[in-house]
Amino acid sequence: QVQLMESGGGSVQTGGSLNLSCAASGNTVSITCMAWFRQAPGKEREGVANVYFAGSSTSYADSVKGRFTISQDNAKTTLYLTMNSLKPEDTAMYYCANAPPITCQIASWRLNRARYNVWGQGTQVTVSS
């Protein structure tokens, strides 16, 4: 079993930056497909960015392309989300999640929250104007 724990959230002003981390523990050798999601109050949880460790291919939601970057460490036990040019609409609880490899092999599944079966507790990001 895999466990995930996010950190790095906080409060910033518009245009600022934050770096989120997600530490994986447990059966980390099985991890190949991971993603960041976010959920704002009253809204559904949405996919932000995904990475497939096999080949390091990535996918991004249109709303964050060019501003957010997903990456992992060499040991593939820590997932990162570098967020630049933050906007008030980026305010949300951010979660990392793990999915079976097939999720990353089908493009339409990569940011689909229903395809992920392991979730962290979340870290809050607040962007003020």
Side-chain angles (χ1 to χ4, degrees):
Q1 185 63 288
V2 172
Q3 295 83 42
L4 304 173
M5 181 174 292
E6 304 91 339
S7 62
S11 297
V12 296
Q13 292 188 326
T14 298
S17 299
L18 280 174
N19 295 305
L20 305 185
S21 298
C22 171
S25 59
N27 187 20
T28 57
V29 69
S30 68
I31 296 175
T32 57
C33 181
M34 294 193 73
W36 287 97
F37 288 79
R38 67 185 181 186
Q39 187 167 18
K43 295 189 176 181
E44 293 189 347
R45 191 170 299 188
E46 62 174 355
V48 174
N50 159 276
V51 60
Y52 188 23
F53 290 178
S56 297
S57 64
T58 57
S59 296
Y60 294 92
D62 288 343
S63 59
V64 307
K65 280 181 182 176
R67 300 188 299 123
F68 290 12
T69 303
I70 189 171
S71 61
Q72 72 273 16
D73 67 345
N74 289 336
K76 298 181 174 59
T77 57
T78 305
L79 184 71
Y80 303 100
L81 185 67
T82 300
M83 305 186 295
N84 297 317
S85 303
L86 283 162
K87 307 174 181 180
E89 51 263 44
D90 294 319
T91 295
M93 186 72 79
Y94 282 71
Y95 302 87
C96 63
N98 179 49
I102 191 171
T103 295
C104 277
Q105 296 163 5
I106 300 175
S108 62
W109 288 11
R110 295 185 71 160
L111 293 178
N112 183 337
R113 68 180 185 274
R115 298 296 174 183
Y116 290 77
N117 56 357
V118 180
W119 295 84
Q121 300 272 352
T123 186
Q124 177 68 38
V125 171
T126 303
V127 185
S128 58
S129 57

So do V118 and Q3 actually touch side chain to side chain, heavy atoms under 4.5 Å? no

Heavy atoms of V48 and Y94 approach each other most closely as CG2-CE2, 4.4 Å

Would you say CD of E44 has more than 12 non-hydrogen atoms from neighbouring residues, nucleotides or ligands within 6.0 angstrom? no

Determine whether I31 and Y52 fall in the same hydrophobic cluster, where Ile, Leu, Val, Met, Phe, Trp and Tyr are linked whenever their side-chain heavy atoms lie under 4.5 Å apart. no

In this structure, would V2 and F53 fall into the same cluster of hydrophobic residues linked by side-chain contacts under 4.5 Å? yes

Below 4.5 Å, heavy atoms only, C-beta onward: do R115 and C33 meet side chain to side chain? no

Regarding K87 and D90, does a basic nitrogen lie under 4.0 Å from an acidic carboxylate oxygen? no

Least distance between heavy atoms, K43 atom then Q39 atom: O-NE2, 3.1 Å

Please determine whether residues F37 and I70 belong to a single hydrophobic cluster, defined as Ile, Leu, Val, Met, Phe, Trp and Tyr linked transitively by side-chain heavy-atom distances below 4.5 Å. no

Treating Ile, Leu, Val, Met, Phe, Trp and Tyr as nodes and any side-chain heavy-atom pair under 4.5 angstrom as an edge, say whether L81 and V64 lie in one connected cluster. yes

From CA spacing to verdict: side-chain contact (heavy atoms from CB on, under 4.5 Å), N50, Y116: CA-CA 11 Å; N50 159 276; Y116 290 77; 2.8 Å; yes

Full working for side-chain contact (heavy atoms from CB on, under 4.5 Å) between Y80 and T69: CA-CA 8 Å; Y80 303 100; T69 303; over 6 Å; no

Correct closest heavy-atom pair for L79 and A35 would be CD2-O, 4.0 Å

Atom pair OG (S63) and CZ (F68), whose distance is rounded to the nearest 0.5 Å: 7.5 Å

Distance check, rounded to the nearest 0.5 Å: W119 atom CH2 versus C96 atom SG? 9.0 Å

State, to 0.1 Å, how close Y95 and E6 come at their nearest heavy-atom pair, and which atoms those are. CA-OE2, 3.3 Å

Report the distance from atom CG of L86 to atom CZ of R67, rounding to the nearest 0.5 Å. 6.5 Å

In this structure, would L20 and M93 fall into the same cluster of hydrophobic residues linked by side-chain contacts under 4.5 Å? no

How close do T78 and S21 get, heavy atom to heavy atom, and via which atoms? CG2-CB, 4.4 Å

How close do G8 and T123 get, counting heavy atoms only, and between which atoms? N-OG1, 4.1 Å

Please test M34 against L4 for side-chain contact (heavy atoms from CB on, under 4.5 Å), starting from the C-alpha separation and ending with a verdict. CA-CA 11 Å; M34 294 193 73; L4 304 173; 3.7 Å; yes

Decide yes or no on side-chain contact (heavy atoms from CB on, under 4.5 Å) for S17 and N84, but give the supporting numbers first. CA-CA 4 Å; S17 299; N84 297 317; 2.8 Å; yes

Could you tell me whether the side chain of S56 reaches within less than 4.5 Å of the side chain of Q72, counting heavy atoms only? yes

Rounded to the nearest 0.5 Å, how far does CG of L111 lie from CG of D62? 9.5 Å

Looking at Q121, I'd like to know if its CD atom is crowded, meaning that more than 12 non-hydrogen atoms belonging to other residues, nucleotides or ligands lie closer than 6.0 Å. no

